[in-house]
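Quantities reported herein were computed from a predicted structural model and do not represent experimental measurements. Starting from 1, each residue takes its place in the sequence as its number. Remember, it's 1-based here, ligands and their atoms both numbered in the order they're listed.
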Amino acid sequence: MSLERAYDPEWFRAEGHRLVDLLADYLHEAQAGTSLPVLAWQDPERAWDRCRVSVARPDVQELWQETLEQAIHLHHPGYIGHQINPCVPVAALAGLVSDLLNNGMGVYEMGVPGTAMERLILRETCQRLGLPESADGFLTSGGTLANLTALVGMRQMAIERYPDSDPQQFTLLVSDQAHYCVERAARTMGWGPGGVVKIPTDARFCMRTPLLGPAADEAQAAGRQVVGVVGSACSTSTGSFDDLDAIAQFCRERNLWFHVDGAHGAGLAFSPQYRDRLKGVQHADSLILDFHKMLMMPAIISAVIFREGDHGYRTFFDDAHYLWSSPEEQQWYNLAQRTFECTKSMMALKVFSVLKVFGPELFAEHVDRLMEHAEEFARIVDAHPLFELATWPQANIVCFRFRPAGDTERPLDELQARIREKIVRGSKFYIVQTRLRDETWLRVTVGNAFTSRKDFQRLLVELVSQAERVGAES
Ligand SMILES: *Cc1c(COP(=O)(O)O)cnc(C)c1O
């Protein structure tokens, strides 16, 4: 009789009400940031032991409570680590609806409302990005898959553009700060070690675009067919924006595909104040955007956009005819014609809920707040005698490090790593680290709009005191 009980609407009602109360209380506590640790650190074996004990007790509320206790709390003001931002609660409620409905989205009938919402979201996004009427796209599961999808589309066009070239000899130009998934995509497509050429970056970690020409010539001379350039908007480690206008012009001159990896930063298009950081994005042949990076959405919701919407249909044209009555026809409402996924979640409902309830201005407000707070953090770091910035932030990502006066016993790199470990285990703040030009730097992404000046000041105090502890341990 378990099945009947498992699907009993009254079980759902009772447990659901309790769950919403639990989560609302949790949100109060997490956002206040006073009683809850940002992350109650435990080693993996301990987490595994707890999980094995827990599974034997059939109490769902206990499970949810335990999950809350062990998770990292993105709504806590001390959460300023990775790029994923705290989920806006209306999107979490939408997630409950979309999970229960479980509409599979691949073909029209399996996701009627979500399919229409997806179209509206893409239109709104294309318009904000300044793309022409011909632009169109769809949602997919994450920036990694979104980049791969766009680049497979690019490859398809390149096969038509360079009919005499061997597709395994195709090459992409990217900055040395591009996300690793771009290189992975090239490798997945079988382009081998020469499939990606990395263009060096300047002091602000932006692509040195004058080097594109010589790099392209060199690759061509080595027998490769250069097919496109990827601009980062922005890069993952430091949040640096490549000069998209310059890349667009280079691509125009050489008749190359221009792809923009806007996973992190393309959300700036919603902000009248900051959208000029994306200058040139309107020339992209394809681009991607993660709604879970700066736009408050739960992971993972990404957009893939083609300047000529038609290119999105040509990517996978010859597959899976059994799904559609007339596969040669471009049907905007049969999304799996264009996505890697067959089944995908009705992710559009989450974005659409925000657009409907709060309007696109909420995205602007959020982006502006994060950008302003990141600048404020950078100013505080810059003014502090014991810290230095890697570069002035261009997005909501700030890289910096502890740099005591005079000689230190420990190499600076090791010092940063040790400090970070203590910060994470101290459970008041969550920050990360990154490697920049073979040096270790601390890294903060101001992804929580409610992390403010006093939190930043407390973080620096905490960092200094942990640094002293590290020093005492030597
Ligand atoms: C985060 C990120 C990605 C990967 O996106 P996922 O959604 O994590 O798969 C790709 N490119 C850039 C620039 C990113 O910041």
Side-chain angles (χ1 to χ4, degrees), residues 72 74 80-87 91 125 129 137-154 172-188 196 198-199 201 204-207 228-244 247 258-269 277-278 280-281 284 286-305 339-341 344-345 347 350-351 367 370-371 374 393-399 432-436 443-447:
I72 183 163
L74 278 65
I80 37 175
H82 287 293
Q83 296 158 278
I84 304 174
N85 52 193
C87 168
T125 307
L129 286 159
F138 45 86
L139 298 180
T140 196
S141 303
T144 299
L145 187 62
N147 272 325
L148 178 61
T149 309
L151 295 176
V152 171
M154 175 193 74
L172 261 181
L173 308 181
V174 308
S175 101
D176 64 18
Q177 294 294 309
H179 194 274
Y180 71 84
C181 72
V182 173
E183 194 168 357
R184 205 176 262 189
R187 246 184 293 134
T188 303
V196 159
K198 293 192 179 162
I199 310 293
T201 47
R204 305 186 69 204
F205 302 93
C206 305
M207 182 193 282
V229 184
V230 177
S232 301
C234 48
S235 67
T236 302
S237 285
T238 57
S240 301
F241 287 86
D242 288 340
D243 181 344
L244 303 182
I247 299 175
F258 174 30
H259 174 70
V260 174
D261 181 357
H264 187 91
L268 261 59
R277 307 236 162 147
L278 294 167
V281 74
S286 58
L287 77 98
I288 70 143
L289 177 164
D290 277 358
F291 283 91
H292 51 280
K293 296 275 178 68
M294 289 184 87
L295 300 179
M296 300 175 286
M297 286 300 129
I300 47 184
I301 306 177
S302 304
V304 182
I305 294 170
T339 54
F340 249 110
E341 299 113 310
K344 77 174 185 195
S345 74
M347 49 184 88
K350 300 171 190 175
V351 183
V367 163
L370 299 184
M371 298 290 282
Q394 300 170 46
N396 59 332
I397 298 170
V398 185
C399 294
V432 297
Q433 68 190 46
T434 189
R435 294 284 289 172
L436 300 175
R443 176 170 170 273
V444 153
T445 307
V446 184

| request: Would you check if there is a donor-acceptor pair between the side chains of S237 and T434 at a distance under 3.5 Å? | output: yes

| Nearest-contact summary for atom 11 (N) of ligand 1 - protein heavy atom, Å | D261 OD2, 2.7 Å

| field | Which residue and heavy atom of the protein sit nearest atom 2 (C) of ligand 1, plus the separation | value | K293 NZ, 2.5 Å

| message | Given 3.5 Å as the limit, does a donor-acceptor pair link the side chain of S240 with the main chain of R204, or not? | response | yes

| note | Per-atom filter on ligand 1: closer than 4.0 angstrom to a heavy atom of A263 are 2 (C), 3 (C), 10 (C), 11 (N), 12 (C), 14 (C)

| remark: With heavy atoms and a 4.0 Å threshold, my read on which part of D290 contacts ligand 1 is side chain

| task | Would you mind listing which atoms of ligand 1 come within a distance below 4.0 Å of any non-hydrogen atom of G142? | result | 7 (O), 9 (O)

| Does K344 reach the main-chain N or O of L139 with its side chain, forming a donor-acceptor pair under 3.5 Å? | yes

| task | Check whether any side-chain heavy atom of I305 sits under 4.5 Å from a side-chain heavy atom of L289, and report yes or no. | result | no

| request: List the closest protein heavy-atom neighbour of atom 10 (C) of ligand 1: residue, atom name, distance to the nearest 0.1 Å. | output: H179 CG, 3.4 Å

| query | In ligand 1, which numbered atoms sit nearer than 4.0 Å to a non-hydrogen atom of H292? | reply | 7 (O)

| field | Test item: F258 and L244 side chains (from C-beta on) under 4.5 Å apart, heavy atoms | value | yes

| message | Please check: side-chain N/O of E341 versus main-chain N/O of S141, any donor-acceptor pairing under 3.5 Å? | response | yes

| said: Checking the N or O distance criterion of under 3.5 Å, is ligand 1 in contact with S302? | reply: no

| query | Hey, which atoms in ligand 1 end up nearer than 4.0 Å to a heavy atom of H264? | reply | 15 (O)

| field | Atoms in ligand 1 with a heavy atom of T144 nearer than 4.0 Å | value | 4 (C), 5 (O), 6 (P), 9 (O)

| Under 4.0 Å from any heavy atom of T236, which atoms of ligand 1 are there? | 12 (C), 13 (C), 14 (C), 15 (O)

| request: Just need the protein heavy atom nearest to atom 6 (P) of ligand 1, so name the residue and atom and give the distance. | output: G143 N, 3.3 Å

| query | Under 4.5 Å between any side-chain heavy atoms of H259 and I288, yes or no? | reply | yes

| field | Residues forming a side chain to side chain contact (heavy atoms under 4.5 Å, CB included) with A91, sequence neighbours excluded | value | C87, V88, M297, P298, K350

| task | Would you kindly specify which portion of C234 sits under 4.0 Å from ligand 1, judged on non-hydrogen atoms: side chain, backbone, both or neither? | result | backbone

| Hey, are the side chains of T188 and L151 touching, using non-hydrogen atoms and a 4.5 Å cut-off? | no

